[in-house]
Amino acid sequence: MNFENTLAFAQQLDDNDALKHFRKKFLFPKHKEKDCIYFTGNSLGLQPKNTSEEIQKVLDNWGSLAVEGHFKGNEPWMHYHDHLTKPLAKIVGCLPHENVVMNSLTVNIHLMMVSFYHPTKQRYKIICEAKAFPSDQYAFESQVKFHGFNPEDAIIEIKPREGEHTVRTKDIVSVIEQHADETALVLFSGINYYTGQYFDIKTITQAAHDAGTYVGFDLAHAAGNVELKLHEWNVDFACWCTYKYLNSGPGAVSGAYIHEHFATDKNFPRFAGWWGNNKQTRFKMEKDFDAIATAEGWQLSTPPVLLLAAHKASLDIFEEAGIDNLHTKRKTLTAYLHFILNNINQKNNKKIIEIITPVMEEERGCQVSMLIQKNGAAIFNALTEEGVIADWREPNVIRVAPVPLYNSYEDVWQFGNIISDILQA
Ligand SMILES: *Cc1c(COP(=O)(O)O)cnc(C)c1O
């Protein structure tokens with residue numbers, strides 16, 4: 001498509017957008033009585049208007065049925081999570097019985113590592129990306145130490161090449177090959193939170209399996225954002241949070257995927273709790289854990305139904321919009337943002353804004369990370385004053401993410417217009 005940097009062109013794209021009306025399903029923070037330009041759906045997705053209603057239903061059942069709400073009412077809590085696994089399966093590309101909604105993300109990373117990180121004297125290393133999200137780094141380090149190894153030695157971080165911002169898939173594969181005999185686990189993010197690079201999950205998974213190791217992904221920035229085919233790509237496990245692109249609220253419940261190969265194996269190692277036990281015998285309250293032979297067998301506790309309700313509200317919207325339609329819009333929306341930013345550089349005759357997110361469509365999602373050569377913090381503050389909600393990362397990166405469910409092409413154009421004015425001033 002030949003883009004133009006004009007308001008009329010952006011509005012025309014909006015007029016032709018079949019998903020345009022989904023914006024009305026969300027609550028926007030206001031700036032001078034108008035909707036903010038909200039570009040931080042990669043950090044906390046907007047609140048769907050139906051969230052309070054879904055939560056209210058659970059509260060009503062609690063009020064009128066009390067403990068009987070577990071089994072009675074329009075949506076018994078015992079089976080509430082069943083509403084979630086099918087829509088999620090479409091979003092992450094797996095079978096319904098391969099995913100489960102439980103806990104929060106860092107907790108799930110630890111639980112998955114309990115199952116998939118079994119270091120031995122020979123094989124104890126973890127291969128990951130450099131500058132992974134801090135919580136992931138802390139999880140890896142503490143797991144390594146827990147097993148009696150030294151993180152300095154046991155964690156191999158793959159960095160971009162000198163002068164580059166993102167990691168080449170080739171380099172990831174060759175590090176995995178090089179350390180094939182001593183690696184216990186390859187654990188990457190799906191999308192790096194800082195650069196927005198979408199890693200080649202399929203290739204990394206293949207390389208890890210060729211090296212004889214398990215492989216998993218933290219999909220915090222990928223779930224609800226990019227196309228995922230976890231089952232088909234043969235990924236061993238994954239987990240994600242649901243408050244970013246999945247719009248399920250601050251501290252929302254997390255999700256996990258376990259390939260059916262392991263999920264159906266009741267004896268596969270895990271930390272157990274009563275909610276992972278066979279449903280037929282769970283309430284007999286007896287000894288000897290008998291795992292549910294699906295991803296549900298990893299559940300520990302009674303599910304947080306109020307949080308599941310918020311998650312359901314959002315997943316209902318994903319179902320209605322259709323994940324494939326969202327991917328189609330995302331590609332154009334983010335491509336338009338790339339175009340606008342390049343256009344600003346051209347007009348200024350220099351690269352004031354360097355996009356460090358990959359340009360190739362299959363290597364990125366919604367997010368665009370902009371490295372600002374000069375006065376980054378001042379520019380970010382000026383954006384905030386103009387009603388743009390973006391994200392600042394030291395030392396000099398502004399992250400923005402136009403989200404296909406609720407952002408418009410006009411948002412993207414307005415953003416470009418505002419940043420262009422700030423640069424002139
Ligand atoms: C957002 C994010 C987290 C946050 O973890 P919580 O346990 O939900 O606080 C962890 N890892 C990555 C990669 C993230 O993007």
Side-chain angles (χ1 to χ4, degrees), residues 39-46 88 91-92 99-114 116-117 126-143 155 157-158 166-167 172 185-201 204 215-226 228 230 235 237-257 271 298-301 303-304 307-308 310-311 314 356-357 363-369 389-394 397-401 403:
F39 277 175
T40 32
N42 56 344
S43 185
L44 181 70
L46 289 179
L88 266 174
I91 290 171
V92 301
N99 80 75
V100 57
V101 175
M102 59 181 191
N103 313 315
S104 39
L105 174 55
T106 307
V107 174
N108 284 339
I109 294 173
H110 277 296
L111 291 180
M112 291 301 111
M113 289 183 80
V114 163
F116 291 93
Y117 179 56
I126 296 175
I127 298 180
C128 61
E129 84 241 48
K131 292 203 181 151
F133 193 90
S135 202
D136 301 46
Q137 292 186 38
Y138 306 152
F140 304 168
E141 267 178 41
S142 56
Q143 286 274 344
I155 300 178
E157 297 184 349
I158 309 182
T166 52
V167 190
I172 299 173
L185 181 64
V186 175
L187 186 38
F188 262 72
S189 65
I191 291 185
N192 180 272
Y193 79 99
Y194 186 75
T195 63
Q197 177 179 15
Y198 180 17
F199 292 109
D200 184 341
I201 295 180
I204 294 171
V215 55
F217 292 87
D218 177 340
L219 303 176
H221 280 263
N225 178 11
V226 289
L228 293 163
L230 298 179
V235 171
F237 70 92
C239 34
W240 54 89
C241 55
T242 66
Y243 49 80
K244 291 172 180 166
Y245 293 98
L246 291 171
N247 311 324
S248 302
V253 66
S254 163
Y257 150 91
F271 279 174
W298 268 259
Q299 296 175 107
L300 300 180
S301 298
L307 296 183
L308 298 188
H311 194 25
S314 171
I356 62 171
T357 306
E363 294 176 14
R364 59 169 157 83
C366 297
Q367 181 179 324
V368 176
S369 300
I389 304 186
D391 173 90
W392 172 252
R393 291 289 132 167
E394 294 289 345
V397 166
I398 298 175
R399 300 185 306 164
V400 286
V403 169

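Residue indices begin at 1 and follow the sequence shown. Order of listing sets the numbers, starting from 1, for every ligand and every atom in it.
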Protein residue, atom and distance nearest to atom 1 (C) of ligand 1, heavy-atom basis
K244 NZ, 1.4 Å

As a quick check of understanding, evaluate side-chain contact (heavy atoms from CB on, under 4.5 Å) for S142 and H110, giving each step before the final call.
CA-CA 9 Å; S142 56; H110 277 296; 3.4 Å; yes

Just need the protein heavy atom nearest to atom 6 (P) of ligand 1, so name the residue and atom and give the distance.
Y243 OH, 3.4 Å

Numbered in order shown, the ligand 1 atoms found under 4.0 Å of a heavy atom of A220 are 2 (C), 12 (C), 13 (C), 14 (C), 15 (O)

min-distance protein heavy atom vs atom 3 (C) of ligand 1 -> F133 CE2, 3.4 Å

Taking C366's backbone N and O only, do any of them form a donor-acceptor pair with Y245's side chain (distance below 3.5 Å, no angle check)?
no

Identify which of N103, V107, D218, N42 has a heavy atom lying nearest to atom 13 (C) of ligand 1.
D218

To check your reading of the model: name the closest protein heavy atom to atom 5 (O) of ligand 1, its residue, and the distance in Å.
T106 OG1, 3.4 Å

Please identify which atoms of ligand 1 are closer than 4.0 Å to at least one heavy atom of H221.
15 (O)

From CA spacing to verdict: side-chain contact (heavy atoms from CB on, under 4.5 Å), F217, L187
CA-CA 6 Å; F217 292 87; L187 186 38; 5.7 Å; no

Is the ring pair Y193/F133 parallel, tilted or perpendicular, if the boundaries are 30 and 60 degrees?
perpendicular

Are the side chain of Q299 and the backbone N or O of V100 linked by a donor-acceptor pair below 3.5 Å?
no

Tell me which protein heavy atom sits closest to atom 11 (N) of ligand 1, plus the residue, atom name and distance to 0.1 Å.
D136 OD1, 2.6 Å

Could you give me the CA-CA distance, side-chain angles and deciding distance for F140 and M113, then say whether side-chain contact (heavy atoms from CB on, under 4.5 Å) is met?
CA-CA 8 Å; F140 304 168; M113 289 183 80; 3.9 Å; yes

